[in-house]
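Keep in mind the model is a prediction, meaning the values are calculated, not measured.
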Amino acid sequence: MQTRLKVLFTMLLILFLYGCAFDLAHVRYKPAAYVPSPEVRKSFVINESMEITEGTCYDRTLRKGKKWNLTGRISEERVYLGL
């Protein structure tokens, strides 16, 4: 009986791992078209530190007192450079 459970568990594990595989070879990447900003350089300073998280793969801390300058645009939004 235990060998049947081991075989069943092994088969379920293999099916689970196979089903969760993500094929990165066929993902299509599209580079963002960056357009430098002709505007007068807009900037802002962060008054307090903040945690940024995007799902489970990306997290970042933006430090208090850091200055951010507008440098350009991509199709989604404006682009700032932290100094």
Side-chain angles (χ1 to χ4, degrees):
M1 185 66 166
Q2 279 189 335
T3 42
R4 278 186 162 177
L5 286 175
K6 286 182 184 178
V7 170
L8 179 63
F9 177 74
T10 304
M11 291 175 65
L12 288 174
L13 182 63
I14 290 170
L15 285 172
F16 175 75
L17 292 175
Y18 180 74
C20 291
F22 186 70
D23 183 13
L24 288 176
H26 294 95
V27 172
R28 295 186 184 190
Y29 296 98
K30 178 183 168 194
Y34 175 77
V35 178
S37 178
E39 303 173 39
V40 175
R41 297 249 176 184
K42 295 181 182 178
S43 64
F44 64 92
V45 176
I46 296 177
N47 293 330
E48 57 185 64
S49 294
M50 27 171 67
E51 293 286 327
I52 305 293
T53 58
E54 178 62 37
T56 58
C57 298
Y58 180 85
D59 61 339
R60 180 76 43 133
T61 301
L62 301 179
R63 294 187 316 263
K64 175 182 178 179
K66 187 154 184 146
K67 183 177 180 179
W68 292 85
N69 289 329
L70 176 66
T71 61
R73 295 184 73 83
I74 58 175
S75 62
E76 289 81 9
E77 196 57 58
R78 293 177 290 240
V79 177
Y80 287 88
L81 175 65
L83 301 174

Check: Sequence neighbours excluded, which residues qualify as side chain to side chain donor-acceptor pair (under 3.5 Å) partners of Thr71?
Finding: Tyr34
Check: Under a 4.5 Å side-chain heavy-atom rule over Ile, Leu, Val, Met, Phe, Trp and Tyr, are Leu81 and Leu62 clustered together?
Finding: no
Notebook entry, point to check: If you measure from CG on Leu5 to OG1 on Thr10, what distance do you get to the nearest 0.5 Å?
Noted result: 10.5 Å
Check: Under a 4.5 Å side-chain heavy-atom rule over Ile, Leu, Val, Met, Phe, Trp and Tyr, are Ile46 and Ile52 clustered together?
Finding: yes
Note to self: Is there a path of hydrophobic side-chain contacts, each under 4.5 Å between heavy atoms, that joins Met50 and Phe44?
What the structure shows: yes
Item checked: Closest approach of Ala32 to Ile74 (non-hydrogen atoms, all atoms of both residues) -> CB-CG2, 3.9 Å
Check: Can you pull the side chain to side chain donor-acceptor pair (under 3.5 Å) pairs that have at least one residue in residues 73-83, sequence neighbours excluded?
Finding: none
Note to self: According to a hydrophobic-cluster definition based on side-chain heavy atoms being under 4.5 Å apart (Ile, Leu, Val, Met, Phe, Trp, Tyr only), do Leu70 and Val79 belong together?
What the structure shows: no
